[in-house]
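All ligand and atom numbering here is 1-based and tracks the order in the structure. Nothing here was measured: the structure is a model prediction, and the numbers come from that model.
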Amino acid sequence: MTRAEKLTLVTGYFGVQKDWNDYRFEEARPQSAGVVLGVPRLGFTPQWQSDAGSGVATQGEAPPELERTVLPSGLLTAATWNPELAERAGAMIGSEARATGYNVMLAGGVNLMRDPGNGRNFEYGGEDPLLAGTIVGSLIRGIQSNHIVSTVKHFAFNDQETGRRAVNVVIDEASARMSDLLAFQIAIEQGDPGSVMCSYNLVNGSYACENEWLLDQVLKGDWGFQGYVMSDWSAQHDTVLDASHGLDQETGVSKHGKYVWLDKLSAAIDKKEVSEARLDDMVRRIARTLIAKGAIDAPVQPGPIDFAAHARVTQDDAEQGIVLLKNESVLPLATSAQRILVVGGHADVGVLTGGGSAQVYARGGNAVRGLGPKGWPGPEVYAPSSPLAALRKELPQSSITWADGADVAAAALAAKKADVVIVFATQWAAEALDFSLTLPGDQDRLIEAVARANSHTVVVLETGGPVLLPWLDRVSGAVEAWYPGSEGGPAIARVLSGAVNPSGALPVSFPRSLEQLPRPKIVGEGLPAGQTFDVHYDEGAAVGYRWYEKRGQDPRLPFGHGLSFTHFTTDGLAAALDDGELRVSFRVHNTGARAGAHVAQVYVSPVAGGWEAPRRLGGFAKVALDAGSSQDVSLRIDPRLLAMYEPAQHGFHITPGAYQISIASSARDRGTSVTISLPERTLRAGAREQTCEQTREQTRQPTRPTNATTTPAR
Ligand code: BGC
């Protein structure tokens, strides 16, 4: 390859055809995130890049809006605890990317939730490295099954949007390896993404995209990553440092003279500041990845999309990830005729979606115009999928009326005349912003007023992540529907009506108050743009439920929590060493009268303590059971989850001794436990693991176990 050809493959431009973009190439797909020009002589088509994890996005300041199937938010998909479903969901959006002419999908967001107010939490997989890594890895695997490349992002510690280009995250190595980096490591093992997108922020003093420790030592060294590192959009700062420390592709260039590898890298090579061999390595990584993923042999071609089939996938995802938070005999809604009042949240026309570069417009466009910021990352976009219409369809015998909730007193008055009231409450979240955990506007007041007027009040939340629930004790039911995607209306209606038995479980804890958080206030608020500041991750690897338990705090809703309309028990818990690996087995029973699915969670903890927190999620299984049936589950526990990272040993170290293994239905539930003695063991920092492998035997055996863990029934 000539130098010019090599430089072509390592330089990416913003794809939008707007005046502010100096590089408006004909080759770019309309309103796309980016394009890397091709090298036709060698058979390289352009790399056409599109966001993101919940479908093919419309980039920057639509119109024109590209209408595509919207998957539920990443957090909802994590709430399914179902890797197989996540893979199918990924395959679906990947096929739409392919059919839209994209061969690189900027998906795979796996940053751990350290701050519930982070405006991008909706794009990610929650607060636990095993759950987030497994679900996001499965999504990536699905996307890439379409012979296209997916990223995993944003590497690493890009856990707040406030000052995202200026924040310097300070964290010690062991904590880093046992938390956010472990989530990335698992996602990479599970999904084999072609590319890793480095993030805007600094980590321990150097920008993520020029961070030698992150890129060269951990990712490419310890983990043996063979793909290429692309920068987040114009996240580069210094040609020589970027190129020498592991960045392989610059992206998102939009301004002449600002920072374009095409010119600057070439000059740096001429001056011997960067070696030609390093450029060859970048190009080899990119070319290898495009070939390995099939993007060269099976070039993408715009084509038809089977929207009807894709609607079933996104609805399935939504139905499995909606979480029943509370239910005092109010759900499922009775099918006999009754008066139901639906209030608020624009539930008459649609469901909310998340904003920013991940913004996907559903077919039919935006159901509610004029909300949120006028420019990017706005506006607020509602997918035209009405929960109200879907409820009317589900419950034809009921009389279902509507109030928009703008007039709190009028809504409360109407509530008095209903048998049941469903209040929809929304919180928009988007890239580049962080959000208050208090529901915006008058929504808390509306819920309180309606709940006072009618004791059968159910709240349906559509939020980016956790919010404060000051009224939870005063309503009789609550459901977290996150951003439920383009079939969110029917999915919500079917959960409320009982056509679907809810089976989602929280992938994040909901705090009682801001004071419970490691950082009650997001650091860096109010600082002048561009002024670098530190955020100290003093909580280390004690993220989410681990933090609460370590501090002896009880969150409002615990990680792993999710109710069902049936009743599950577990028994027969046993732990054994099998060829040196810890294997945990148990039996799950559906003792209720309906089919349903249970998220069985295995927590592990050293009896003598010494970890960052008392216990960790060690494994999980989502078990679907007919009424009265049972299933045996056997899980292998990833040894890294039984270990502490020891920098001096450059690996994960299991201290010999007694470990408690519990089967529980949330991080709060103590469940039942057994103890096992584990021998000492050290694993290399980059040891590749098969996580959460399961074997199952299903039997129909309506037994009533003793000494069992239970999930509360309705
Ligand atoms: C976001 C990335 C995204 C990129 C391209 C950036 O602002 O941080 O997640 O992939 O834009 O749209």
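Interface atoms of ligand 1 facing Met197, defined by a heavy-atom separation under 4.0 Å, are 10 (O). Each of the atoms 1 (C), 2 (C), 3 (C), 4 (C), 6 (C), 8 (O), 11 (O) of ligand 1 lies under 4.0 Å from some heavy atom of Asp232. Using a 4.0 Å cut-off to heavy atoms of Gln59, the atoms of ligand 1 that qualify are 12 (O). Residue Ala33 has at least one heavy-atom neighbour below 4.0 Å for each of these atoms of ligand 1: 5 (C), 12 (O). Counting the atoms of ligand 1 from 1 in the order shown, those under 4.0 Å from a heavy atom of Trp233 are 4 (C), 5 (C), 11 (O). Ligand-side atoms of ligand 1 in range of Tyr200: 6 (C), 7 (O), 8 (O), range being under 4.0 angstrom from any heavy atom. Here is the list of ligand 1 atoms found below 4.0 Å of a heavy atom in Leu106: 5 (C), 10 (O). Each of the atoms 2 (C), 3 (C), 9 (O), 10 (O) of ligand 1 lies under 4.0 Å from some heavy atom of Lys153.
No side-chain donor from either of Ser206 and Glu212 sits under 3.5 Å from a side-chain acceptor of the other.
Nearest protein neighbour of atom 7 (O) of ligand 1, counting heavy atoms only, is Glu431 OE2, 2.5 Å. Distance from atom 3 (C) of ligand 1 to its nearest protein heavy atom, with residue and atom name: Asp51 OD1, 3.1 Å.
With salt bridges taken as basic N to acidic carboxylate O contacts below 4.0 Å, none links Lys153 and Glu431. Salt bridge annotation for Arg88-Asp317: absent, with no cationic side-chain nitrogen under 4.0 angstrom from a carboxylate oxygen. With respect to Asp248 and Lys220, a salt bridge is recorded, a charged nitrogen being found less than 4.0 Å from a carboxylate O. Contact check on Arg165 versus Asp232 returns no salt bridge, with no Lys/Arg side-chain nitrogen under 4.0 Å from an Asp/Glu carboxylate oxygen. Here Asp222 pairs with Arg177 in a salt bridge; the nearest charged N to carboxylate O distance falls below 4.0 Å.
A 6.0 Å sphere centred on CD of Gln301 holds no more than 12 heavy atoms belonging to other residues, nucleotides or ligands.
Within the 4.0 Å heavy-atom criterion, the part of Arg120 lying near ligand 1 is the side chain and not the backbone. Only the side chain of Arg164 comes within 4.0 Å of ligand 1, counting heavy atoms alone; its backbone N, CA, C and O stay farther away. At a heavy-atom distance under 4.0 Å, only side-chain atoms of His154, from C-beta outward, approach ligand 1.
Using a 30° and 60° split on the angle between ring planes, His237 and Tyr207 fall in the parallel class, below 30°.
A distance of 6.0 Å or more separates the ring centres of Trp482 and Tyr124.
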